[in-house]
Amino acid sequence: MSLLSIQNVSKQYTATNAPALNGVSFDSERGKIVALIGVSGSGKTTLLRIVAGLETPDAGIVVLDGKTLNSSSVFVSPEQRNCGLVFQDYALFPNKTVYQNIVFGKGATDDSVRLKQLIDMAGIGGLEQRFPHEISGGQQQRVALVRALATRPKLLLLDEPLSHLDSDLKDSVRTELLNLFRKTDTTTLFVSHDIEDAMAIADRMVVMRDGQTEQVGQPSEIYKRPINSHVARLFGKTNFIPASLIRGSHHVFEDKKNEGMIVPVRPHQWRIIDGAADDSNTFKGKVKSMTNQGAYLEVVLETEHLNLTLHLDAKTSIQVGTLLTVGCDLTE
Ligand code: ADP
Ligand code: MG
């Protein structure tokens, strides 16, 4: 049975023309990390606030661990929901020490062994007596997390907690986050607009758009099999090749704009083909532009039907105007 079940949740704020959420449904098993992904305004924060009990849905059902939190006749108050919350700004008390911040949470465990464990797992041991302004942004983040985990929440709700960190710091915090969730076996609903964060952390991904779920699944599945061009683009540049130009059976989706079936091909899935054509799907073209991205060359190849974006080995010796034959390997 799912730990968290969200069924047909809708919400429209007063004095707005469109619903913030329009019939959202998905669920999560115990111990899993679910990433909510979508552009700004797609309804991620609204959904998180509804699950936390900070916002009331117009319709729909929320069930946590067998207990109904929201329905047409039920509303459980935020304090009774057993959800831990971490928002973007961490909301630490500036005049309390790290330790005081951690134990301040309502219902924080008085089990000092567990607290010590959490503090050590989060890598903030030794900082207990400092004030928030005396530790780094990444450490503040982990204090906020430990504070949320100290209440032993059934569900941890995180709203873009990594968005204020610079990318260097983000990498290490991301890894530590992941380890912390895994070690504490905490079920987590994680809001992010950063697809890389979601790919790195999530067991399951919910792609939202205009208040609706567009695609739900394992991150690698969504990456390999996006259901439309919008989802495909979330993962970066993608070539949308008409299925009529690609042989074999590959993942396709219907594209309204191009009125036909489309095969999404990632830039790194192209290979230069030497000599005679081989079995793979080949396209001939002329290099229109190229930029060195360090790890790879990004090349725009002008072919008969369309321009292709390719990521080729940085050592490839080509120039603007070079004629190339490329094939795509869709097995990876
Ligand atoms: P996200 O977190 O994905 O950026 P939000 O849930 O914050 O999206 O917003 C979804 C939609 O609801 C947006 O159109 C936003 O402008 C609107 N919205 C959010 N909060 C409020 C509010 N308090 N009052 C009116 N409209 C709101
Ligand atoms: Mg938001």
Side-chain angles (χ1 to χ4, degrees), residues 4-28 33-62 64 69-70 75 77-78 81 83-92 137 140-141 144-145 148 153 155-167 170 173-174 177 181 187-202 204-217 219 222 226-236:
L4 172 69
S5 172
I6 293 174
Q7 301 161 24
N8 261 308
V9 168
S10 293
K11 165 85 183 172
Q12 181 153 4
Y13 293 99
T14 42
T16 59
N17 323 330
L21 294 176
N22 188 357
V24 168
S25 303
F26 64 89
D27 46 40
S28 172
I33 301 172
V34 179
L36 276 178
I37 280 284
V39 296
S40 180
S42 55
K44 307 180 298 293
T45 295
T46 301
L47 184 62
L48 217 65
R49 289 177 58 83
I50 286 173
V51 174
L54 302 173
E55 208 75 71
T56 324
D58 302 334
I61 295 174
V62 178
L64 181 62
L69 302 182
N70 288 95
F75 175 78
S77 70
R81 289 192 173 212
C83 293
L85 281 174
V86 181
F87 286 109
Q88 265 179 10
D89 56 5
Y90 318 150
L92 299 179
Q140 289 177 18
Q141 151 100 63
L145 270 174
L155 180 67
L156 188 61
L157 301 168
L158 306 174
D159 197 354
E160 303 200 19
L162 305 185
S163 61
H164 286 338
L165 303 178
D166 63 52
S167 66
K170 228 165 87 168
V173 173
R174 182 195 280 159
L177 262 180
F181 297 153
T187 312
T188 303
L189 187 55
F190 173 92
V191 170
S192 179
H193 64 258
D194 186 324
I195 198 82
E196 284 178 33
D197 282 346
M199 288 291 280
I201 292 177
R204 211 164 144 74
M205 198 181 265
V206 175
V207 179
M208 294 193 54
R209 186 185 195 184
D210 297 339
Q212 295 184 308
T213 55
E214 202 165 30
Q215 191 166 4
V216 180
I222 298 182
I227 57 148
N228 58 31
S229 56
H230 173 256
V231 176
R233 275 203 197 91
L234 288 174
F235 295 88

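Indexing begins at 1, ligand by ligand and atom by atom, following the structure's order. One is the number of the first residue; the rest follow in order along the sequence.
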Can you list the steps and then say if Arg81 with Asn70 is a side chain to side chain donor-acceptor pair (under 3.5 Å)? CA-CA 10 Å; Arg81 289 192 173 212; Asn70 288 95; 2.9 Å; yes
Starting from [atom], what is the nearest protein heavy atom, named by residue and atom, and what distance separates them?
| atom | answer |
| --- | --- |
| atom 7 (O) of ligand 1 | Thr45 CB, 3.7 Å |
| atom 18 (N) of ligand 1 | Tyr13 CE1, 3.3 Å |
| atom 4 (O) of ligand 1 | Gly41 N, 2.6 Å |
| atom 3 (O) of ligand 1 | Lys44 NZ, 2.8 Å |

[X] heavy atoms, cut-off 4.0 Å: which ligand 1 atoms fall inside?
| X | answer |
| --- | --- |
| Val39 | 3 (O) |
| Thr16 | 25 (C), 26 (N) |
| Ser40 | 4 (O) |

Looking only at atom types and distance, does a side-chain atom of Ser192 sit under 3.5 Å from a main-chain N or O of Asp194, one as donor and one as acceptor? yes
Tell me if a side-chain donor or acceptor on Lys44 pairs with a main-chain N or O of Val39 at a distance below 3.5 Å. yes
Measure the shortest side-chain to side-chain distance between [X] and [Y] over non-hydrogen atoms and say whether it is less than 4.5 angstrom.
| X | Y | answer |
| --- | --- | --- |
| Val207 | Val216 | no |
| Glu214 | Ile227 | yes |
| Phe190 | Asp159 | no |
| Leu47 | Leu36 | yes |

Donor-acceptor contacts under 3.5 Å from residues 12-23 side chains, at least two apart:
unit_1: Gln12; atom_1: NE2; unit_2: Thr16; atom_2: O; d: 2.8
unit_1: Tyr13; atom_1: OH; unit_2: Thr46; atom_2: OG1; d: 2.8
unit_1: Thr16; atom_1: OG1; unit_2: Tyr13; atom_2: O; d: 2.6

Is Gly38 near ligand 1, meaning one of its heavy atoms is under 4.0 Å from it? no
Short version for Thr46: what comes under 4.0 Å of ligand 1, heavy atoms counted, is both
Using a 4.0 Å heavy-atom cut-off, which part of Leu47 comes near ligand 1: side chain, backbone, both, or neither? neither
What are the two closest non-hydrogen atoms of Ala148 and Val86, and how far apart are they? CB-CG2, 3.8 Å
For atom 15 (C) of ligand 1, decide whether some protein heavy-atom distance is shorter than 4.0 Å. no
State whether Thr45 contributes an N/O/S atom found under 2.8 Å from the Mg ion (ligand 2). yes
Before signing off on this row, confirm whether Gly43 and ligand 1 have an N or O atom pair separated by under 3.5 Å. yes
